[in-house]
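Here the structure is laid out as structure tokens; the discussion comes afterwards.
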Number of protein chains: 2
Amino acid sequence: MPTISDVAARAGVSTATVSRALNGKATVDPDLAARVRTAATELGYQPNGPARALRRQEAAVVALIISDVENPFFTALARGVEDVAHEVGYSVVLCNSDENADKENRYIDVAIQERVAGVILSPSGTATSVAKLASRGTAYVAVDRPLPEQDSDAVLVDTRQAAKQATAHLVAQGYERIGCITGPAGVRTADDRLAGYRDGLKAAKRRSTTRLVRRSEYKAAGAHRAALELLSQAEPPDALLIANSAMAVGVLQALQERGIRAGREVGLVAFDDAPWAELVDPPLSVVAQPAYEIGTVAARLLLARIADNSRPPTTTTLGARLIERASSVQLNRR
Amino acid sequence: MPTISDVAARAGVSTATVSRALNGKATVDPDLAARVRTAATELGYQPNGPARALRRQEAAVVALIISDVENPFFTALARGVEDVAHEVGYSVVLCNSDENADKENRYIDVAIQERVAGVILSPSGTATSVAKLASRGTAYVAVDRPLPEQDSDAVLVDTRQAAKQATAHLVAQGYERIGCITGPAGVRTADDRLAGYRDGLKAAKRRSTTRLVRRSEYKAAGAHRAALELLSQAEPPDALLIANSAMAVGVLQALQERGIRAGREVGLVAFDDAPWAELVDPPLSVVAQPAYEIGTVAARLLLARIADNSRPPTTTTLGARLIERASSVQLNRR
DNA sequence: GAACGCTGGGTAATCCTTTACTCGGGCGGC
DNA sequence: GCCGCCCGAGTAAAGGATTACCCAGCGTTC
């Protein structure tokens, strides 16, 4: 594996000149620079990243720690981050914390050890290991969920408002017993969506009851159980607000097993506009979140903070859009 | 940010002893080791990854370069890689090449620069920049698709056989004009699935015609266009074999727009068992690939090669499973 | 009692790049 | 014509961890 000295020797210059030439720094004689570049390509020289990071005290890498790689919301977000980061020469490494505070902490430690330039993460709730980042002065931005205590940069969605709007829509469609299946307590998006649901009921002068509310992991299996429980009650819900698309899968399975027809017997609105939402029968009404945009905004915020760590923290809140499809339109109104 | 010397000073020992103690090396007096460990935690010491990588000439990181983060097949695969790698203390960084040979090459360069211990990648076809890895002695394993020329470690699926079986199934169900929508020419899985489709037709003594075959990107949009083209022909297909789940979304959209009922008027089998496959109407027949297992096997293969780069190349081929659902069962047979 | 061996731990070299500092030479201004 | 400045390029230090090598001290054995 050739080093910078090999390139220097071949080009007949010092390593300092090679470094300057390849990094486009300062003023290097154009002829020399050309000689250096040809020498480098002839040798197939690739700079040693760790050595560079060691000297520069920072790697040209940002870490993106998301809570579920299999969730399309986060993969779309990841694309947004990637696209912006690449424009300015940063690489993005993706880490999957799996909604698991331990894994999240491990990845934060790895990020610190590898001296990445910055971290974008969707905090799994209680985890406060983010403090390590703060105390070391590593730039970071929270996405999707705010960090518990500290006021840091964050890019969020007004998910409470969106949940309220979705609930109001269900009310307007004539559903009477509207339930909610949301994520684990302590996960901010889950709590906010529940709060929005309650806001929506209250605005319509409906009483909200815990008997129509269930929480589970943000996964299909948990939502499946939750849906079966709700449907087994004496007075089952006639509509459901579901907190993400993976959960929607679980709920739809449950309805299918029970032979209950979505939209007619039970109205549905789910968060996240998955590619398949239009294909199920009936097409699923969704709250579309601007996942890609969250990623781009977060990346730009992170870059700004890397450049200047003293800037005041910014929280950007983006809106979500309710897309009404047949799953929440009560066809046989009285 | 504390360094190893700070820990050494606080514990009253040399840096060598700190290094040995924290890495569990050789024999260090238990008392000293304990003193070192408490000093390290008190200072919140995190070893400097780049410095370590520089000295060791290798980072405890493996790169996973996949061709589409938004494809559930690859995210499941990623999970498999992660789970195995973490067991032995490696971190996994995920890179999204987007089926784009340039991006793939860039990421391979990044992997080389960062001196990762190994690379797992799903090669985007023609890209031969993998040669760089080979010539530098970096361990690597191909997944999903073999590498063009060289014989390297690879974990594949017998996708041709699976496509043949799926086609035979469609024949057996009484479909007469079976079409195929597959990925770009040159992408091995796309070519294999097409070849398997032809095998299936031949085995049933059917003629295969290019008029029933279309290729596009492995994405919904391309498959959507392809499906519309096929359906607009004078003699449209009455069944389709679709090469992945993203494409299935495009095809189902096209059918929906045309008001054609899947399963009855056009039989469907798609590759990849997406979580929503059972939820569409009618439930989608699929070829389920063992994505997670591909990941675990590939990771183990990579670890073996990192340990011993002289071992002979191994190709593991896993089987796929046809899951028959209603979309490929012709209800109104003659 | 002396010599040898072993063990635990310190010293210092090493990995490769970047960059502060230095130096030589050419050019412009007075 | 000389002085000073500036530009371009080289020298060498620094960055933090690992590890080869070496040394001190203790125990064992004859």
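Convention: sequence-line order gives letters A, B, ...; per-chain numbering from 1.
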Between OH on residue B/Tyr107 and CG on residue B/Asn100, distance to nearest 0.5 Å: 10.5 Å
Selected nucleotide, minimal atom distance to A/Leu54 side chain, candidates C/dG9, D/dG15, D/dA17: D/dG15
Side chain proximity check, B/Ile66 to B/Leu121, heavy atoms < 4.5 angstrom: no
Interatomic distance, B/Arg52 CZ vs D/dT19 C1' [rounded to whole Å]: 13 Å
Side-chain-base donor-acceptor pair under 3.5 Å for A/Arg55 and C/dT18: yes
Proximity to the side chain of A/Ala16 - top-ranked nucleotide from C/dG8, D/dG10, C/dC16: D/dG10
B/Val28 side-chain proximity, nearest of C/dG9, D/dG15, C/dC16: C/dG9
Sugar-phosphate, base or nothing in reach of A/Val18, heavy atoms under 4.0 Å: nothing
Spatial distance of atom OG (A/Ser122) from atom CG (A/Asn71) [nearest 0.5 Å]: 9.5 Å
Short side-chain N/O contact to D/dG10 OP1/OP2 from A/Thr17, under 4.0 Å: yes
Residue-phosphate contact under 4.0 Å: B/Ser19 side-chain N/O, D/dT18 OP1/OP2: yes
Between D/dG16 (P) and A/Ile112 (CD1): distance, integer Å: 16 Å
Spacing of A/Asp31 atom CG relative to D/dC7 atom C1', expressed in whole Å: 16 Å
Sugar-phosphate only, base, or nothing, as touched by A/Pro50 at under 4.0 Å among non-hydrogen atoms: nothing
B/Asp109 side chain to A/Gln46 side chain, donor-acceptor N/O pair below 3.5 angstrom: yes
Whole-Å distance separating the CD atom of B/Glu114 from the C1' atom of C/dC16: 13 Å
Interatomic distance, A/Gln46 CD vs C/dC15 P [rounded to whole Å]: 20 Å
A/Ala51 side chain, from C-beta outward: closest of C/dC16, D/dA17, D/dA9: C/dC16
Under-4.0 Å side-chain N/O to phosphate OP1/OP2 contact, A/Tyr45 with C/dT17: yes
A/Arg20 CZ - D/dG10 P separation (whole Å): 8 Å
Whichever of B/Ser14 and B/Arg56 has its nearest DNA chain C nucleotide further upstream toward 5': B/Ser14
Interatomic distance where CD belongs to A/Glu58 and P belongs to D/dG16 [whole Å]: 14 Å
Candidate nucleotides C/dT18, D/dT11, C/dC16, ranked by approach to the side chain of A/Asn23 - the nearest: C/dT18
Atom-to-atom span, CD1 of B/Ile4 to C1' of C/dA12 - whole angstrom: 14 Å
4.5 Å side-chain heavy-atom contact, A/Ile4 and A/Ser19: yes
Contact under 4.0 Å: B/Gln57 side-chain N or O vs C/dT14 OP1/OP2: no
